[in-house]
Structures are given as structure tokens and as C-alpha cells.
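See below for the structure under consideration.
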Amino acid sequence: MSDLLNQEEHIKKAQEIVSGIGIPSQPKIVMDINREINKPEADLSKISDIVSMDVAMSAKLLKIANSPFFGLKEKVDSIQRALALLGLKNFYNIILATSLRENLGGHGSAIEKFWSHSMATATISSQIAQKVGFTSIDQAYIAGLFHDCGVPLLIKKYPNYVEITDYALGVVGTESLKGLLKSIIGIEDERYNTHHCAIGYLVAKSWHLSQAVTQSILHHHYVNIDIHTDATTKQLAAILLLADYIGGYLLFLSGSICTVDPETEWAQRHQKVMDELSLSVNDIEDMKEDLTEKLRK
Ligand SMILES: [Fe+2]
Ligand SMILES: [Fe+2]
């Protein structure tokens with residue numbers, strides 16, 4: 001049975017797994033954009049040049065920029081225009097999500113479900129971050145985007161993982177282990193001596209994501225957020241737990257097989273998350289309604 005004490009063992013085993021299949025590392029385009037963004041004054045024309053040089057990435061970016069999700073009033077046909085209209089943050093998030101998708105690879109319905117859940121959780125996570133005044137909306141988005149990236153890697157290594165993918169992405173299984181873990185982690189531990197959180201943690205580290213993000217990913221099925229001593233990490237972990245729940249609910253709405261607890265039951269089991277974010281059950285219900293409409297697009 002999994003518990004926090006053997007997290008090191010889980011990471012060790014996760015390392016073995018990813019070394020066998022190759023850990024997706026941060027691509028050059030993301031590294032180059034990061035370098036530019038981190039300068040005291042980011043040069044936007046340099047950023048659009050970096051992206052324009054990558055024809056496949058440019059095509060994908062324009063397709064996403066023109067999707068109903070962003071609701072742009074005009075059709076965008078150049079990278080410079082996309083950057084101007086979307087803003088640097090949205091632009092960067094699209095590059096990050098597209099790069100991660102390419103690097104993780106895989107195909108089939110389980111992978112598609114994984115992506116809808118990851119993209120939904122990223123968006124929900126950034127909305128919650130905004131609502132609760134979290135210091136970095138971007139970090140919340142990135143945590144949501146990467147949180148389950150261990151799932152496609154487990155599918156790659158163990159094709160029979162698809163049997164439990166729905167359960168993993170449903171997120172809110174009714175059982176919990178000692179009030180610390182949701183049961184998917186226990187199932188994964190029994191089968192593989194590790195879990196998708198530990199594998200996702202390694203990917204996040206290889207992409208040089210922040211400590212708050214990597215730790216939130218590693219513990220995104222732990223309801224006891226008090227294990228985080230750093231205040232930012234604790235709040236991000238709480239945001240991710242709630243976003244993951246709502247992300248699972250939306251997947252459920254799209255017809256996937258997953259179990260969803262009513263808000264009240266979820267809230268009872270996640271009292272620490274509710275307290276940390278100062279949210280009520282009604283707040284969660286309202287948020288779910290708003291986000292359902294936005295994400296269905
Ligand atoms: Fe997960
Ligand atoms: Fe998830």
C-alpha cells in the first residue's frame with residue numbers, strides 16, 4: 001500500500017521505468033522562449049521569430065489561436081499577430097502544451113482522454129488561481145497541464161495500463177487510502193511499484209519546472225496538503241486537487257467512465273483544500289457551472 005514514507009521508492013522505480021522508455025526532455029523551442037521571457041525586457045519579435053522558424057509548431061499554434069476557445073474577433077494568419085492578440089502568456093501556454101503533447105507521443109482513445117483532461121485541468125487550475133488570488137496563474141496552468149503526464153508514459157511502458165486510465169483520469173474515486181491517497185495510486189503501486197504522480201514528477205523536473213509545480217504534481221493525489229511546508233506549494237497543491245476534481249467531472253460529462261462524488265462528499269474529504277482556498281461547496285458548484293460552459297467549446 002502506498003504512503004508518503006515510500007515516496008522515495010516510488011521515485012526510484014519511476015526512474016527505472018522512464019530510463020527504459022526515454023524521459024521526454026524540455027524541447028529547444030521551449031528553452032529558447034524561456035530564455036527570452038526571463039530577460040528583464042523580453043523581446044516579443046525575437047519570440048515570434050523563434051516560433052516562426054518551426055513550421056510545424058507555427059501551423060499548430062495558428063490552428064489553436066483561431067479556435068473558438070480564444071474567441072478572437074479576427075482570423076489570425078501570422079505568428080506575430082497571434083502573439084499580439086493572444087498575449088505572451090496564452091501564446092507561451094499553447095507552445096508548452098503543444099510541445100508536451102509532441103514529446104509524450106502516443107495515440108488512441110486513452111491518450112485523447114488524457115489530453116482533454118490535462119487541458120481542462122490546466123484551464124480550470126488557472127481560473128481557480130485567479131479566483132483565490134494565487135501568486136502565479138501561469139504556475140497553476142502549468143501544474144494542471146503536466147499533473148497527469150505520467151499516464152501516457154505508463155501506457156507506453158505497460159499497454160494494459162489503458163484498463164485503468166479512465167479510473168486514473170476520473171480522479172475522484174470513492175475510496176481513499178487512510179485518508180491520504182486516492183485509490184488509483186494504490187492500484188498503480190500494486191501493479192508497478194510506483195505511480196503516475198512519481199513519473200510525472202520526473203518529467204516536470206526534466207522540463208525544469210518550479211519546485212512548487214514539481215511537488216504539487218508528485219502529491220496531486222494526497223488529500224493531506226499539510227505535508228507541504230512551503231506556503232506557495234501548499235496553495236498550489238490545493239488548487240491542483242480542486243482543478244483535478246472538476247477536470248474529472250467534466251470528463252465524466254463527456255461520457256467517459258469515471259466515478260464522481262457529489263460536491264459535499266468531495267468537500268468533506270478535502271476540508272484542508274477548502275480551508276486553504278477559503279472556498280465553500282457553493283463556490284465549487286458555481287465554478288463547475290461556469291467552467292463547463294467555457295470548456296465545452
Ligand atoms: Fe492524477
Ligand atoms: Fe488528473
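Both ligands and their constituent atoms are indexed starting at 1 by order of listing.
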Salt-bridge present (Asp32, Arg35; N to O < 4.0 Å): yes
For the Fe ion (ligand 2), find the closest N/O/S atom on Asp148 and give its atom name. OD2
Close aromatic pair by centroid cut-off 6.0 Å: His196 and His220: yes
Under 2.8 Å from the Fe ion (ligand 1) - does any N, O or S atom of Cys197 fall there? no
Sequence neighbours excluded, which residues qualify as side-chain contact (heavy atoms from CB on, under 4.5 Å) partners of Ala237? Ser216, Ile225, His228
Looking only at N, O or S atoms, find the one in Asp244 nearest to the Fe ion (ligand 2) and name it. OD1
At the Fe ion (ligand 1): angle between His221 atom NE2 and His220 atom NE2, to 10 degrees: 90°
Say whether, by atom type as modelled, one donor and one acceptor occur between the side chain of Ser25 and the main chain of Ser206 under 3.5 angstrom. no
Of all the atoms in His147, is at least one N, O or S atom closer to the Fe ion (ligand 1) than 2.8 Å? no
Regarding His117, does it place an N, O or S atom less than 2.8 Å from the Fe ion (ligand 2)? yes
Would you say the side chains of Ser45 and Asp43 form a donor-acceptor pair under 3.5 Å? yes
